[in-house]
Participant: 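Structure incoming, see below.
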Amino acid sequence: MKSIHSSYDALIIGFGKGGKTLAAYLANQGWQVALVEQSPLMYGGTCINIACIPTKSLVHNAELGKPYAESIHEKDQLTATLRQRNFNLVDQSPNATVITGKASFVSPNQVSVRLTDTQEDILIEAERIFINTGAKPIIPAISGLQQSQRVFTSTTLIEQTELPLRLVIIGGGYIALEFASMYAQYGSKVTILDRSTQFLPNEDRDMADAVMAVLVNKGIRIEQAVNIDEITPDDGDRQDTVVYHTQAGNRQEVQASAILVATGRQPYTEGLNLSAAGVDMDAKGYIRVNEYLQTNVPHIWALGDVNGGPQFTYVSLDDYRIIRSQFFNYKPHTLLDRNLVAFSLFTSPPFSHVGLREHEALAKGYHIKIATLPAASITRAQILNETEGLLKCIVDADTDQILGCSLLCANSSELINLVQLAMRARFDYTVLRDTIYTHPSMSEGLNDLFAKVP
Ligand SMILES: Cc1cc2nc3c(=O)[nH]c(=O)nc-3n(C[C@H](O)[C@H](O)[C@H](O)COP(=O)(O)OP(=O)(O)OC[C@H]3O[C@@H](n4cnc5c(N)ncnc54)[C@H](O)[C@@H]3O)c2cc1C
Ligand SMILES: NC(=O)c1ccc[n+]([C@@H]2O[C@H](COP(=O)([O-])OP(=O)(O)OC[C@H]3O[C@@H](n4cnc5c(N)ncnc54)[C@H](O)[C@@H]3O)[C@@H](O)[C@H]2O)c1
């Protein structure tokens with residue numbers, strides 16, 4: 001490890017997407033930079049070690065029909081490679097040092113770091129401090145949950161090399177649906193128990209129903225509006241029992257060889273001692289920032305999940321761009337000009353969305369034109385043998401501009417970026433309708449979808 005100085009131009013706390021990119025950039029510009037990460041198993045942050053990358057590797061291999069244990073092994077190799085590459089990305093710069101330890105504020109400019117290997121406490125001063133400590137799972141208070149040996153988070157479930165025969169998932173959001181889809185494809189019998197009264201409550205009902213149909217076709221059982229009462233332990237048959245009530249008040253039970261808790265993620269500020277720096281948080285514990293991602297303490301910024309923005313790796317990366325534009329010669333960029341953040345939910349096929357949904361456009365008073373297209377009508381989908389799904393676009397009837405688009409089909413996580421670009425460029429929908437796409441491709445579905453706009 002490089003020698004640690006007592007003072008730096010910039011101190012970055014947490015090896016998240018925004019922070020590591022910022023660390024490498026600032027060091028290349030000649031700043032003296034320290035990046036503190038509490039765990040050597042988290043160099044590179046959440047995305048590459050325990051989130052996006054390992055889960056999408058598992059989704060991909062499930063689609064290919066690879067056995068579970070082999071896929072877990074392959075995922076571990078991939079994350080180990082990326083971890084080392086990410087460490088090098090920062091630490092190989094002569095101006096940057098990765099310090100492995102837990103950071104805690106002592107004053108607005110001073111941070112104490114308890115080094116992970118020696119448990120020694122060191123004090124670091126920095127002119128500017130960037131907090132990028134991410135988020136961690138919310139664990140609901142359910143009787144028996146803490147005692148159970150079969151309860152996992154998204155992090156710990158994908159450490160298991162044995163496929164759970166019966167997987168019960170508590171939650172109905174991103175993690176729940178992605179894990180349900182992939183574990184069902186590996187061969188688990190999956191049950192989703194969601195507290196929300198509606199499946200995918202933010203989506204238009206036609207799209208939500210189409211996603212639900214995809215999951216149900218994989219044999220997944222989905223229960224909405226449930227209230228989990230308790231988890232009762234293994235009685236020798238290697239299965240716990242999850243006891244819950246339905247909205248109608250009926251008591252139900254389901255057996256589980258593994259239980260995944262996927263009930264949301266909360267800001268990771270534990271141990272940071274933000275009060276010593278005087279940094280404000282909101283009611284949910286997210287660090288309050290202005291449009292420049294600056295906290296109430298002017299030389300301290302917060303990037304990524306911890307600042308309460310949408311929890312996506314690409315948003316953390318865009319946070320880096322916002323900060324970069326404040327110090328270097330880039331076009332000014334703030335939270336105020338961040339619009340059109342698309343997302344992809346990596347079920348198989350993936351569900352992707354950008355812009356307004358139909359119900360949102362109507363609520364905003366737009367006059368709209370709508371078109372839908374079954375994925376099965378796209379030739380490429382037939383070739384791929386992935387004919388499940390539905391595509392939908394919402395167009396402003398007064399201007400012909402695209403207001404929103406939802407895609408449930410093969411490669412939708414790529415296609416949605418094309419639609420997003422057209423929306424940012426303020427193209428009329430006819431541009432996507434009449435563009436010459438390669439053949440046979442999923443993009444051609446956009447020709448057909450937009451051709452159906454009345
Ligand atoms: C299972 C799962 C799947 C996901 N899939 C996707 C996806 O497909 N696409 C997508 O865009 N997003 C996905 N996300 C969300 C995405 O992972 C996060 O939005 C993103 O990783 C957040 O990064 P960040 O920059 O906030 O920091 P993180 O990458 O979370 O990094 C924070 C780091 O800070 C460290 N840390 C915390 N406190 C301290 C401290 N006091 N001292 C030192 N170090 C500290 C932590 O150990 C951690 O390494 C997924 C999330 C999960 C859980
Ligand atoms: N593809 C992606 O980009 C991707 C993938 C995974 C995660 N993520 C990010 O990670 C974040 C966290 O994901 P998540 O799925 O944990 O959270 P989420 O906020 O997406 O979903 C939480 C779900 O848990 C349910 N819930 C909450 N408490 C419950 C309880 N006690 N009993 C039953 N159900 C309960 C809610 O109804 C909701 O369906 C997401 O917001 C997303 O930003 C992104």
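Whatever order the structure lists ligands and atoms in, that order sets their numbers, starting from 1.
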Participant: Which one of Gln311, Gln198, Glu178, Arg265 has a non-hydrogen atom at the shortest distance from atom 43 (O) of ligand 2?
Facilitator: Gln311

Participant: Dump the intermediate steps for side chain to side chain donor-acceptor pair (under 3.5 Å) on His245 and Asn227, then the final yes or no.
Facilitator: CA-CA 5 Å; His245 272 84; Asn227 192 14; over 6 Å; no

Participant: Would you mind running through ligand 1 and noting each atom that sits below 4.0 Å from a heavy atom of Val36?
Facilitator: 43 (C), 44 (N)

Participant: Could you say whether the N/O atoms of Tyr314 and ligand 2 ever approach to under 3.5 Å?
Facilitator: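 There is no such contact.
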
Participant: Does some non-hydrogen atom of Pro310 fall short of 4.0 Å from ligand 2?
Facilitator: no

Participant: Atom 26 (N) of ligand 2: which protein heavy atom is closest, and how many Å away?
Facilitator: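 Of the protein heavy atoms, Thr263 CG2, 3.8 Å lies nearest.
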
Participant: Nearest heavy atom to atom 19 (O) of ligand 2 wins, so pick from Pro350, Ser352, Gly264.
Facilitator: Gly264

Participant: Give the single entry among Arg195, Gln266, Glu223 that approaches atom 34 (N) of ligand 2 most closely by any heavy atom.
Facilitator: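 The residue whose heavy atom sits nearest atom 34 (N) of ligand 2 is Arg195.
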
Participant: Short list, please: which atoms of ligand 1 are under 4.0 Å from a heavy atom of Ser154?
Facilitator: 1 (C), 53 (C)

Participant: List in chain and number order the residues that pass salt bridge (Lys or Arg N to Asp or Glu O under 4.0 Å) with Arg357, two or more places apart in sequence or in another chain; answer none if no residue qualifies.
Facilitator: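 Arg357 satisfies salt bridge (Lys or Arg N to Asp or Glu O under 4.0 Å) with Glu203, Glu360 once adjacent residues are dropped.
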
Participant: Please classify the Leu193 to ligand 2 contact at 4.0 Å (heavy-atom distances, strictly less than): side chain, backbone, both or neither.
Facilitator: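 Looking at Leu193 and ligand 2, just backbone atoms fall under 4.0 Å.
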
Participant: Tell me the contacting part of Asn49 for ligand 1: side chain, backbone, both, or neither, using a 4.0 Å heavy-atom threshold, strictly below.
Facilitator: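 None of Asn49 does.
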
Participant: Tell me whether Gly172 has any N or O atom under 3.5 angstrom from an N or O of ligand 2.
Facilitator: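 Between Gly172 and ligand 2 (N or O atoms, distance only) the closest approach is under 3.5 Å.
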
Participant: Which atoms from ligand 2 have a heavy atom of Gly171 less than 4.0 Å away?
Facilitator: 24 (O), 25 (C), 34 (N)

Participant: For ligand 2, does Ala51 get within less than 4.0 Å through its side chain, its backbone, both, or neither, judged by non-hydrogen atoms?
Facilitator: neither

Participant: Hey, is Phe312 touching ligand 2 through its side chain, its backbone, both or neither, going by heavy atoms under 4.0 Å?
Facilitator: side chain

Participant: Once salt bridge (Lys or Arg N to Asp or Glu O under 4.0 Å) is applied, do any residues pair with Asp209, and if so which ones, sequence neighbours excluded?
Facilitator: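 Here no residue qualifies.
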
Participant: As a test of understanding, state which of Asn49, Thr100, Val90, Asp91 forms a side chain to side chain contact (heavy atoms under 4.5 Å, CB included) with Tyr43.
Facilitator: Thr100

Participant: Decide whether the shortest distance between a heavy atom of Gly101 and an atom of ligand 1 is less than 4.0 Å.
Facilitator: yes

Participant: Applying a strict 4.0 Å limit to heavy atoms, is Phe346 in contact with ligand 2?
Facilitator: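 Phe346: in contact with ligand 2 (<4.0 Å).
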
Participant: To the closest 0.5 Å, what do you measure between CG (Asn88) and OG (Ser93)?
Facilitator: 12.0 Å

Participant: With side chains defined as the heavy atoms from C-beta onward, is the minimum distance between Val33 and Tyr8 less than 4.5 Å?
Facilitator: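 With C-beta onward as the side chain, the pair stays apart.
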
Participant: Would you check the N or O atoms of Ala103, main chain and side chain alike, for any that come under 3.5 Å of an N or O of ligand 1?
Facilitator: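 The answer is yes, given that Ala103 and ligand 1 share an N or O pair closer than 3.5 Å.
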
Participant: Is any N or O atom of Ile228, backbone or side chain, closer than 3.5 Å to an N or O atom of ligand 2?
Facilitator: no

